[in-house]
There are 2 protein chains.
Amino acid sequence: MKPTIRDVAKMAGVSISTVSRVMNAPETVVESKRLRVLDAIEELQYQPNSFARGLIYRKSYTLGLLVPDIENMYYAGMIRGMQDACIKLGYGLMICNTDRDSERLLSYIDAFHEKQVDGIVLASDMLFPEYYDKLVGCRIPFVMVSSHSDDYDIPSVEVDDEAAAYDAVKFLIELGHKQIGMIGFNHANSISGPPRCEGFARALREFGLGHNLEKVKYASHRFEHAYEASHELFSQYPDTTAVFCVADEFAMGTISYLKDRNVLVPGQVSVVGFDNIRMAGMFIPKLTTIAQPIYELGYRSAEQLHELVTTGSVNVTREKMRHKLIVRESTRER
Amino acid sequence: MKPTIRDVAKMAGVSISTVSRVMNAPETVVESKRLRVLDAIEELQYQPNSFARGLIYRKSYTLGLLVPDIENMYYAGMIRGMQDACIKLGYGLMICNTDRDSERLLSYIDAFHEKQVDGIVLASDMLFPEYYDKLVGCRIPFVMVSSHSDDYDIPSVEVDDEAAAYDAVKFLIELGHKQIGMIGFNHANSISGPPRCEGFARALREFGLGHNLEKVKYASHRFEHAYEASHELFSQYPDTTAVFCVADEFAMGTISYLKDRNVLVPGQVSVVGFDNIRMAGMFIPKLTTIAQPIYELGYRSAEQLHELVTTGSVNVTREKMRHKLIVRESTRER
DNA sequence: GTGAAAGCGCTAACAT
DNA sequence: ATGTTAGCGCTTTCAC
């Protein structure tokens, strides 16, 4: 049996209240007893029962994270950031993988509710009314990361997707490319899909390259889909010399496709990615990409949630973090 | 305030025990009342307080996972498997990233202890006496995945590293390679490092290629280190035509190095990896590699832990799963 | 400064 | 079949 506060009290020859006090307000108990209690705690390897504590404080000191796809490398860095923040804040982190499935997400909310997490961070997903209602119904505070809601006033941290996409495309244009395509996210389920398309369009228009506006194919988050989408893109617009991919994994898919067709990257076609996941610098060729501060995004979102949980509100809702173009080897002047 | 069992009881006009019964033994309460209770639960979005339950059952229905490096793609698939198993078993999963740091790992054990997880799965790490003592001291059952302990009798699931390495090297030999090098794990902290070296050595000896035995360089888990190690390997043994890398990420590092030196893979040098992480099929060239059943490893380890937690022991300790050579594009006949 | 006792939300044994 | 009640381990008044 795990030792309880009673065991400690007995061993130290004091009452349980005294034991409780040395843990929560040590200065209120005389040194001699305090020391005896501390010894007993040490000796028994006593750990207060967090169920009992939770019952009283109504806090689990645990945060929940809902990610769409844990195999997507983008989230690995984010999780590290969140976890480091959680350590700093004295919280635990419970990670759940929704597989982009509504049912599953909803049932994880139930699980979180039952486990009494103090708050949830929702990564990348759209905030459907269904989710919102459930979260509010469960009275669980939550924030969003790499996403936001236009309809509800929910704290969020992300990058300026429109501006970032604009920068990527502008870079391609300045390299001298005139025939530019894009591999985007399927709009249906994606929060960052539309703004990245808009950034693409704005850059094109601004530089009088509006004829490219239609050169957009969509893929759903994985390498293989981007490979397929690239096939469509190049079949339909064979003279394309540059493509903007809204995710590094897409860029890899595009480059793979091109490679299979014996077209050189960046020799014949330039490709820019998005995210700057760890793999971006390992791929051949190394990816030119829009870097998101992935780790910081995760770190910040945990802090934000903590703020929300403890104070009831956050200072800056809808926070934006800076992106940055990183030029590596997948792009070249035309 | 979150509704309690009392609120439900009041709304349904019954006693709290009846409410408790409809949740734990529905058949013992008459339909009419049961329905009223169910309605009230629905209406209030009532969720039993897991602290109170935990206090009684002394179970948190939560498992803890300790991974060395969550940014290592190897673990992503494993986590998916574990999570799916946890769903099936009705458990939650708490993931912690140790960064291969003893201090951090130990402090996570404390956190798990305090949070009363029902069990822990320890991934890849060695089981130092320090860890073992602490775990036993805390009375937390645990299993190991992609690792095992020779010193203690702890349930584990992994692949047969020695045999797998042997197969990889044998494949290279059968392709006609005579000058074979290896990029291995630094031994200090690695459980799978030594057996993979042994597999390498056994294949070499068996085919009379013992002169390659010394062509081994070590790297510590990341791409960059493998890149460096490859530099050392090829500087010292420039006539090497094939290299066995003990991780796919190492294979990528090696190939990157070779690429930077303008040597063709698989044209001039063949490379085989290990793990078959998701990236292996996305890299250029696609990696020939030893596939581990990563998802299943995770799934199985969670099942094993569950067995240990619920029954107090497991049927087969030190379980092995089958590996498989997957031939793709990074290897070629000599 | 310290102990006794109430109570957090729930389950289970005991009455009825 | 249903209600009453005693804890589970802890914190926190409230007396002393």
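Order of the sequence lines fixes the chain letters, A, B, ..., with proteins taken first and strands second; residue numbering starts at 1 for each chain.
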d([atom1], [X]; [atom2], [N]) in whole Å:
{"X": "A/Q47", "N": "D/dG9", "atom1": "CD", "atom2": "P", "answer": "15 Å"}
{"X": "A/E27", "N": "C/dT2", "atom1": "CD", "atom2": "C1'", "answer": "15 Å"}
{"X": "A/H113", "N": "C/dG9", "atom1": "NE2", "atom2": "C1'", "answer": "13 Å"}
{"X": "B/R58", "N": "D/dG9", "atom1": "CZ", "atom2": "C1'", "answer": "8 Å"}
{"X": "A/N49", "N": "D/dG7", "atom1": "CG", "atom2": "P", "answer": "18 Å"}
{"X": "B/I5", "N": "C/dA12", "atom1": "CD1", "atom2": "P", "answer": "11 Å"}
{"X": "B/R34", "N": "D/dA1", "atom1": "CZ", "atom2": "P", "answer": "11 Å"}
{"X": "B/L55", "N": "C/dA12", "atom1": "CG", "atom2": "P", "answer": "13 Å"}

Next on the checklist: For A/K10, I'd like to know if atom NZ has over 12 heavy atoms of other residues, nucleotides or ligands within 6.0 Å.
Outcome noted: no
[X] side chain N/O closer than 4.0 Å to the phosphate oxygens (OP1, OP2) of [N]?
{"X": "B/T18", "N": "D/dG3", "value": "yes"}
{"X": "B/S15", "N": "D/dG3", "value": "yes"}
{"X": "A/R53", "N": "D/dT11", "value": "yes"}
{"X": "B/R6", "N": "C/dC10", "value": "no"}
{"X": "B/K33", "N": "D/dT2", "value": "yes"}
{"X": "A/N24", "N": "D/dT11", "value": "yes"}

Next on the checklist: So A/T4, base contact, sugar-phosphate only, or nothing? Heavy-atom distance under 4.0 Å.
Outcome noted: sugar-phosphate
Checklist entry - Base, sugar-phosphate, or nothing for A/Y57, non-hydrogen atoms under 4.0 angstrom? => result sugar-phosphate
Would you indicate which nucleotide in [options] comes nearest to any side-chain atom of [X]?
{"X": "A/R21", "options": "D/dG3, C/dA4, C/dC10", "result": "C/dA4"}
{"X": "B/V14", "options": "D/dT5, D/dG3, D/dG9", "result": "D/dG3"}
{"X": "A/I56", "options": "C/dT11, D/dC10, D/dT2", "result": "D/dC10"}

Item to check | Electrostatic pair A/R222-A/D69, nearest N-O below 4.0 angstrom | outcome: yes
Checklist entry - Is B/D110 salt-bridged to B/K134, going by a charged N under 4.0 Å from an acidic O? => result yes
Item to check | Stepwise salt bridge (Lys or Arg N to Asp or Glu O under 4.0 Å) test for B/E303 and B/K88 | outcome: CA-CA 9 Å; B/E303 286 185 324; B/K88 187 192 67 175; 2.7 Å; yes
Checklist entry - According to the interplanar angle, ranging from 0 to 90°, do the rings of B/H306 and B/Y91 count as parallel (below 30°), tilted (30 to 60°) or perpendicular (above 60°)? => result perpendicular
Next on the checklist: Taking atom types as they are modelled, would you say the side chain of B/S17 forms a donor-acceptor pair with the base of D/dT4 within the 3.5 Å cutoff?
Outcome noted: yes
Checklist outcome for this item: The answer to which of A/I16 and B/G13 contacts DNA chain D further toward the 5' end, by nearest nucleotide, is B/G13
Checklist entry - salt bridge (Lys or Arg N to Asp or Glu O under 4.0 Å) between B/D84 and A/R104: does it pass, once the steps are laid out? => result CA-CA 11 Å; B/D84 286 352; A/R104 203 156 156 159; 2.7 Å; yes
